[in-house]
Engineer: 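Just passing along the structure, written as structure tokens.
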2 protein chains.
Amino acid sequence: MKNQKRTTIYDIAKKLNLNASSVSRALSNNSNVSEATRKLILDTAKELNYKQNSLASNLRKGHNQTIGVIVPRINQNYFADVIAGIEEVTYQKGYNLVICQSNESSAREVKCVNTLINQHVSCIVISLSADFEDDKHLQTIKEHGIPLIQFDRVAEHLDTFKVLNDNEQASIDAVSHLIEQGYKRIALLEGPQNLNIFRQRKAGYLAALKKYKVPVLPELIKENAWTKELGAESTKELLNLAEPPDAIFASTSDFSALGVLEVATKMGLKVPEELGICGYSNEAFTEITSPSITTIDQYSVSMGKTIANLYFQEIESSEKDNNPKIVSIKPKLIVRSSTLRNKTEGY
Amino acid sequence: MKNQKRTTIYDIAKKLNLNASSVSRALSNNSNVSEATRKLILDTAKELNYKQNSLASNLRKGHNQTIGVIVPRINQNYFADVIAGIEEVTYQKGYNLVICQSNESSAREVKCVNTLINQHVSCIVISLSADFEDDKHLQTIKEHGIPLIQFDRVAEHLDTFKVLNDNEQASIDAVSHLIEQGYKRIALLEGPQNLNIFRQRKAGYLAALKKYKVPVLPELIKENAWTKELGAESTKELLNLAEPPDAIFASTSDFSALGVLEVATKMGLKVPEELGICGYSNEAFTEITSPSITTIDQYSVSMGKTIANLYFQEIESSEKDNNPKIVSIKPKLIVRSSTLRNKTEGY
DNA sequence: CTGAAAGCGCTTACAG
DNA sequence: CTGAAAGCGCTTACAG
């Protein structure tokens, strides 16, 4: 691959018999240049096809207008939307994004963190991988003085910026809705409990049952059912119980809920009459399954914007540590056909 | 935000009474260091929490192990999957990705290109925005000696690496399938004709009709129907014709096909008996609509891997310009219920 | 095997 | 308003 020499400010300076510092000043819109020489310099820059070398500029300035983002998977709607939201804001500010995926592996997550630190990014945004246990790599980020914003799946005890969903309240809303629709035996598909979000969703489930004085039945709580396949698996087991549930809250994801729906359909159960189904995340497909699936919208794009704004607010504020460090976004229950047994309720 | 000083190779050198060059050699696994000093250096680096500054390293080495990717939207399944594929390969090689979205605007695309050139990325991967007209910015990339890989939506006449889908053949397959299923009046929803992919899909439609000697009816060809809403709009117009179509090929996207399905369902038409529907892209939801939607799979993740491999092959090859510059991937027709009128065919 | 020096391309106090 | 010089943190020929 050819490694052709690119024109530098020295090339421009030489051509105009000027000093490189003047060229630099002119190109960076610094006021200390006469209009005449500025014009001369800009014209020559154009003529020579000059592009700034951001590596050199950032090295000299000691920072990099770049934000690093680490997510478990970029091709999952939720994360792709959050990234789109971040990008929308950072683009306006002239920042770039370096995006890494941990593939749900914390070993790989650690590597991503190291790469981003090496790159001298201005900020690191992260949502933890599923096998999260140790937050040493997050502490390393802090030790290097890099602002850290955790979102959604976070290490709770670590003092960093956080943008969260109120998962517990959302789950309370979902389960309360199921109870109000007359469902009596509500099962829970739960996700890995090392992740805060799944712990909170479970807590919300339990809180709602308590609120309505519905007994908690351990056999209706299924661990680790957070893919479509695992959701289907758990559903088969649940529906084969002597006393099967009449509703399933797939708190892990809509994919899991889809697994539930497919098994129910295959077994000839009527949804929502015989089985209510509620998912989580408001994936696009939940609107078009038949029946459509009740779910929880997490405002992912707006979460992304919030994350980016948090960073810019922080660096623009003169006083330190005066800004709220934690932003919680309230997700919204989207009621659809899969739980709407009591049609007179008028949703 | 605190700007704390990070430890450099000089800090390590000073502490050990060595020269920075030895430190650099030890850290870069260069052989010209004694085992003893190497160990000493590595230990001290760990102790002082040293992280390399990639900016400086890349500036000095004259390149950046980074690949820039520009796509219209990252939160569209197709692009997110391609990016995931690229990332999978580049990660193995220790390269990073800088991802930009043009938001379907070529003005913004130009800005993205400039940013990436400034960043001295090693390679730029791009899929063009919908309002593509001018390829000046792509030529700039070439002028700067940066390898350019176009994929999917490309400027055809420009001599660059290209990773393409055989859109024409895929469309021929789709329309042939419709004809073989007994559909007689097949409508086409087409996308912006300034993009190669939509021109090719239209060409495939026309070629299939010709092959089967089916007349082309201009009133069955609808321009610019590439969102769900526009697809629905066009479908209404089509179905209100004196002689409406009995099948619709939404060559633009599955979203458009979804619009078709919704209108058909609302109007009480039976799919596939009274109306056949075929989409494009194999979005996840096409499998779970009722009926499920026949569509075309573009092997997006594997496209991403192909793109990345193309780059690495090129830089690793000693002979220049000996590698195939254009890779075409044959998409696959996925036949589902929405076009399966003739069930005895045994799909 | 180790050191001294130059240089990647830029920015920025410091003079004048 | 312009120039000369130093330095961001690293790598790499060149000596020895």
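Residue numbers start from 1 in every chain, and the chains themselves are labelled A, B, ... in the order their sequence lines are given, proteins ahead of strands.
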Engineer: Between C/dG9, D/dC10, C/dT2, which one does the side chain of B/L59 approach most closely?
Structural biologist: C/dG9
Engineer: For B/R25 and B/K51, find the nucleotide of DNA chain D closest to each by heavy atoms; which residue's nucleotide sits nearer the 5' end?
Structural biologist: B/K51
Engineer: On the nucleotide D/dC10, are OP1 or OP2 found under 4.0 Å from the side-chain N or O atoms that B/N53 carries?
Structural biologist: no
Engineer: Test A/V69 against every option in A/L116, A/V98, A/V125, A/V121 by the side-chain contact (heavy atoms from CB on, under 4.5 Å) rule and name the one that passes.
Structural biologist: A/V125
Engineer: Please report the distance, rounded to the nearest Å, between NZ in B/K14 and P in C/dT2.
Structural biologist: 21 Å
Engineer: Distance check needed: D/dG9 C1' versus A/I117 CD1, whole Å only.
Structural biologist: 17 Å
Engineer: Once you round it to whole Å, what is the distance between P of D/dC10 and CG of A/N118?
Structural biologist: 10 Å
Engineer: In this structure, how many angstroms lie between the P atom of C/dT2 and the CG atom of B/N17, rounded?
Structural biologist: 13 Å
Engineer: The side chain of B/S22 lies closest to which of these nucleotides: C/dG9, C/dG3, C/dT12?
Structural biologist: C/dG3
Engineer: Under 4.0 Å, counting only non-hydrogen atoms across every strand here, what does B/T8 touch: a base, just sugar-phosphate, or nothing?
Structural biologist: sugar-phosphate
Engineer: Measure OH/B/Y50 against C1'/D/dG9 and give the value in whole Å, please.
Structural biologist: 8 Å
Engineer: Just to be sure I understand the rule, does A/L55 reach a base, reach only the sugar-phosphate, or reach nothing, if contact means heavy atoms closer than 4.0 Å?
Structural biologist: nothing
Engineer: Would you kindly check whether a donor in the side chain of A/S21 faces an acceptor in the base of D/dA4, or vice versa, at under 3.5 angstrom?
Structural biologist: yes
Engineer: When you compare the side chain of A/S129 with that of A/S106, does any pair of heavy atoms fall below 4.5 Å?
Structural biologist: yes
Engineer: When you check the side-chain N and O atoms of B/N103 and B/S105, is any donor under 3.5 Å from an acceptor?
Structural biologist: no
Engineer: Expressed as a whole number of angstroms, how long is the span from B/Q65:CD to D/dC10:C1'?
Structural biologist: 15 Å
Engineer: Any idea how A/F79 and A/F151 line up, ring-wise: parallel (<30°), tilted (30 to 60°), or perpendicular (>60°)?
Structural biologist: perpendicular
Engineer: Hey, does B/I70 have a side-chain heavy atom less than 4.5 Å from the side chain of B/E109?
Structural biologist: yes
Engineer: Using a 4.5 Å cut-off on heavy atoms from C-beta on, say whether the side chain of B/V154 contacts that of B/V163.
Structural biologist: no
Engineer: Could you check how far CD1 of A/I9 sits from P of D/dT2, rounded to whole Å?
Structural biologist: 15 Å
Engineer: OP1 or OP2 of C/dT2 sitting under 4.0 Å from any side-chain N/O of B/S34?
Structural biologist: yes
Engineer: Could you check how far CG of A/L48 sits from P of C/dG9, rounded to whole Å?
Structural biologist: 15 Å
Engineer: Return the nearest nucleotide to the side chain of A/T37; candidates are D/dG3, D/dT2, C/dG9.
Structural biologist: D/dT2
Engineer: For A/K14, enumerate each residue passing the side-chain hydrogen bond (donor to acceptor under 3.5 Å, both in side chains) test, keeping only those at least two apart in sequence or located in another chain.
Structural biologist: none
Engineer: Just compare C/dC10, D/dT12, D/dG9 and give me whichever is closest to any side-chain atom of B/S24.
Structural biologist: D/dT12
Engineer: Quick one: which of C/dT12, C/dG9, D/dC10 gets closest to the side chain of A/K61?
Structural biologist: C/dT12
Engineer: State whether a side-chain donor-acceptor pair under 3.5 Å links A/H157 with A/D135.
Structural biologist: yes
Engineer: Only Watson-Crick and G-U wobble pairs, only distances under 3.5 Å, only runs of 3 or more: what stems does that leave for DNA chain D?
Structural biologist: C:1-3 with D:14-16, C:5-12 with D:5-12, C:14-16 with D:1-3
Engineer: Check the phosphate of C/dT2 against B/N19, side-chain N and O only, distance under 4.0 Å to OP1 or OP2. Yes or no?
Structural biologist: no
